[in-house]
*Asks:* 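I'd like to ask some things about the structure below.
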Amino acid sequence: MKFTKKNKIICFSIILALFLVILFFLILSTLQKSKTTRIAFYDLPENVSNSIQKEISDFKGKDCKFTILDSSKPLPLNISKKYSILFSWKNKTTEEAATKAVEFAPEVYNVFPTNIAKSSKVDGKYLYMPILLDHFEISYYETFRKNAELNFPSSFTSLKSYLQDIKEYAQIPLICAGSDDESLFSFVSVFSDSLLGYDGYKEIIENLSKMNVAKDELPKKLTLVLDEIKEFQNENLIPQNWTSAQEKDVDTLMENHMIDAICMKLSMHRTKNLLYISHYETMPFPPEDLDISHTLVAPEVCAVMFEKKNDEAQIVNNLLSMQTQINLSENTKLAPVTSRAQSYDMQADDVRYWAAIYPAGPNPDIFSAAFASKKDKEKIAERIRNYLK
């Protein structure tokens with residue numbers, strides 16, 4: 001078949017038209033992508049991720065794309081190029097990600113208590129936006145405490161005295177499910193802050209972050225803290241095998257009225273049988289010397305922002321609105337971070353209050369602040385358990 005000049009013109013016109021249609025849709029797709037806010041969640045509990053996602057969707061609608069990153073793997077090296085906002089725990093991992101972050105407007109932090117706002121600064125810049133607070137607490141069994149006519153311990157020394165006195169009523173004065181690495185780390189961290197204050201706490205973090213986990217000696221100040229925990233073990237204030245205890249063991253002991261004080265996170269507290277946990281009163285772990293600065297070991301859900309092309313700042317800021325903070329606390333049972341939002345209950349309200357009055361504000365446990373590598377965390381956990389044997 002011969003192509004006439006007319007046929008050639010028609011074919012060329014059709015090809016050109018198809019090319020223009022494809023080009024149009026490619027441009028449209030690119031424009032749509034540029035308007036989409038890409039939001040990532042990393043290593044957060046499902047209920048927390050879901051609650052934040054719902055609030056953002058209600059506020060922003062379809063212009064957001066949500067991704068749950070695999071927490072068994074490190075954060076992508078190019079995370080700042082792939083996502084607009086990251087939600088995660090404030091720790092060494094997010095600290096490294098925040099080196100590529102853009103700063104939030106300082107005036108937004110006026111909605112926080114001062115010490116919560118201060119803890120969000122990195123080298124004078126506001127690179128973290130607090131969203132919710134967890135807390136590593138100590139909870140006392142009210143029946144034993146009242147029978148023994150004891151006040152809540154107000155210092156580390158008085159805690160030891162309290163636990164000695166409560167032996168008359170409790171087979172096990174103090175317990176923590178130390179088989180879980182996060183619980184182990186938090187337990188060592190509250191002892192560290194109580195005994196050394198926040199300056200000593202930071203020194204341990206700094207020394208750990210520089211060490212070869214497999215070869216180097218444990219930092220001296222950390223071993224001083226671990227020696228104090230050993231003393232608790234030797235005096236039967238906490239079981240010798242607490243580092244292998246699981247949460248189900250704690251539950252059994254609690255149900256059989258065998259323990260007095262329990263160290264655990266607020267988020268774990270929420271999972272306990274209400275019939276038993278309702279008889280426990282929660283406090284922060286008591287600091288020894290109130291004349292020095294202390295921190296509250298309180299894992300903090302935070303946002304890190306990598307760009308301001310669309311409405312990223314408005315999306316994060318909306319999470320700090322009164323109603324949204326109320327919703328987040330209600331749905332996650334964690335503590336709100338803004339000063340005036342109503343909390344899920346008195347326990348969540350107390351966590352926010354303690355975070356506000358502790359001079360160094362809320363901070364992650366020592367080991368989450370020192371290590372981004374999960375393998376390093378596993379190795380240091382093993383070394384701590386071996387040291388405490």
Side-chain angles (χ1 to χ4, degrees), residues 39 41-56 58-59 68 71 85-91 93-94 109 111-113 115-117 119-120 128-139 177 180 182-183 185-186 189-190 247 262-272 274 277-278 280-285 295-304 316-358 361-365 368-369:
I39 299 172
F41 298 89
Y42 184 73
D43 203 26
L44 291 176
E46 185 177 359
N47 69 320
V48 174
S49 297
N50 289 345
S51 297
I52 294 173
Q53 184 171 327
K54 181 183 184 305
E55 295 302 324
I56 293 174
D58 289 347
F59 172 69
I68 305 295
S71 61
I85 306 170
L86 169 69
F87 289 96
S88 187
W89 298 109
K90 181 186 174 189
N91 52 29
T93 301
T94 48
Y109 290 76
V111 300
F112 302 121
N115 289 334
I116 293 179
S119 71
S120 303
Y128 299 101
M129 185 66 77
I131 305 297
L132 289 165
L133 286 171
D134 205 339
H135 170 231
F136 193 75
E137 64 188 43
I138 182 167
S139 292
D180 173 68
E182 287 188 10
S183 296
F185 293 157
S186 296
S189 296
V190 292
E247 285 298 338
I262 308 172
C263 282
M264 59 187 161
K265 286 182 182 175
L266 171 64
S267 52
M268 180 57 66
H269 184 126
R270 301 301 195 191
T271 70
K272 300 299 182 187
L274 189 60
I277 199 65
S278 61
Y280 282 77
E281 187 74 21
T282 297
M283 300 292 287
F285 198 87
T295 188
L296 190 74
V297 180
E300 188 175 3
V301 178
C302 70
V304 176
V316 176
N317 293 349
N318 179 66
L319 295 175
L320 307 176
S321 69
M322 179 85 73
Q323 189 56 54
T324 304
Q325 280 280 293
I326 292 171
N327 294 345
L328 289 172
S329 183
E330 184 74 25
N331 292 328
T332 65
K333 300 180 175 60
L334 297 178
V337 287
T338 59
S339 299
R340 300 180 62 187
Q342 182 178 323
S343 301
Y344 169 72
D345 62 6
M346 185 59 72
Q347 288 170 329
D349 199 56
D350 284 342
V351 170
R352 174 176 53 187
Y353 170 72
W354 295 325
I357 65 170
Y358 271 61
N363 275 289
D365 71 77
S368 296

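Heavy-atom basis, side chains included; hydrogens, waters and symmetry copies ignored. Remember, it's a predicted structure, so these values are computed and weren't measured experimentally.
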*Asks:* Extract all donor-acceptor atom pairs below 3.5 Å that involve side chains of residues 333-343 and protein atoms in other chains or at least two apart in sequence.
*Replies:*
{"unit_1": "Ser339", "atom_1": "OG", "unit_2": "Val111", "atom_2": "O", "d": "3.2"}
{"unit_1": "Ser343", "atom_1": "OG", "unit_2": "Asp349", "atom_2": "OD1", "d": "3.2"}
{"unit_1": "Ser343", "atom_1": "OG", "unit_2": "Arg352", "atom_2": "NH2", "d": "3.3"}

*Asks:* Report the residues that fulfil ring pair (Phe, Tyr, Trp, His ring centres under 6.0 Å) with Tyr358, sequence neighbours left out, ordered by chain and then residue number.
*Replies:*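 Expected list: none.
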*Asks:* Not counting sequence neighbours, which residues clear side-chain hydrogen bond (donor to acceptor under 3.5 Å, both in side chains) with Asn50? List them please.
*Replies:*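 Residues passing side-chain hydrogen bond (donor to acceptor under 3.5 Å, both in side chains) with Asn50: none at all.
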*Asks:* Would you call Pro362 and Lys90 a side-chain contact if the rule is heavy atoms closer than 4.5 Å?
*Replies:*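 Not touching, per the 4.5 Å side-chain cut-off.
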*Asks:* Flag the pair Thr332 / Leu132 as yes when at least one side-chain heavy-atom distance between them is below 4.5 Å, and no otherwise.
*Replies:*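 The answer is yes, as the side chains (C-beta and beyond) meet within the 4.5 Å cut-off.
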*Asks:* Would you call Glu137 and Gln347 a side-chain contact if the rule is heavy atoms closer than 4.5 Å?
*Replies:*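 Not touching, per the 4.5 Å side-chain cut-off.
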*Asks:* Answer yes or no: are there more than 12 heavy-atom neighbours, outside Tyr353 itself, under 6.0 Å from its atom OH?
*Replies:*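 Incorrect, the count does not exceed 12.
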*Asks:* May I ask you to say whether Asp345 pairs ionically with Arg270, meaning some side-chain N is under 4.0 Å from a carboxylate O?
*Replies:*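 Salt bridge present between Asp345 and Arg270.
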*Asks:* So with a 6.0 Å cut-off around CD of Glu247, is the heavy-atom count from everything else above 12?
*Replies:*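 Atom CD in Glu247 is packed in, count exceeds 12.
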*Asks:* Can you confirm whether Glu182 sits close enough to Ser368 that some side-chain heavy atom of one is under 4.5 Å from a side-chain heavy atom of the other?
*Replies:*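 In short, these two side chains do not touch, never coming nearer than 4.5 Å.
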*Asks:* Between Asn47 and Asn331, is there a side-chain heavy-atom distance shorter than 4.5 Å?
*Replies:*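 Contact flag for Asn331/Asn47 side chains = no.
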*Asks:* Does Trp89 offer a backbone N or O that forms a donor-acceptor pair with the side chain of Thr94 under 3.5 Å?
*Replies:*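 At least one qualifying donor-acceptor pair exists.
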*Asks:* Report the relative orientation of the aromatic rings in Phe41 and Phe87; use parallel for angles under 30°, tilted for 30 to 60°, perpendicular for over 60°.
*Replies:*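 Judged by the thresholds at 30° and 60°, the geometry between Phe41 and Phe87 is parallel.
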*Asks:* Can you find a pair of side-chain heavy atoms, one from Met129 and one from Phe112, that are under 4.5 Å apart?
*Replies:*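 Result yes, sub-4.5 Å side-chain heavy-atom pair found.
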*Asks:* Just wondering, do Thr282 and Asp350 contact through their side chains at under 4.5 Å, heavy atoms?
*Replies:*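 The answer is no; the side chains never approach within 4.5 Å.
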*Asks:* From the options Asp134, Asp365, Leu266, select the one residue that forms a side chain to side chain contact (heavy atoms under 4.5 Å, CB included) with Pro299.
*Replies:*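 Answer to the side chain to side chain contact (heavy atoms under 4.5 Å, CB included) test with Pro299 among Asp134, Asp365, Leu266: Asp134.
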*Asks:* Taking the side chain as every heavy atom from C-beta outward, state whether Glu300 and Ser119 have any atom pair closer than 4.5 Å.
*Replies:*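 Glu300 reaches Ser119 side chain to side chain.
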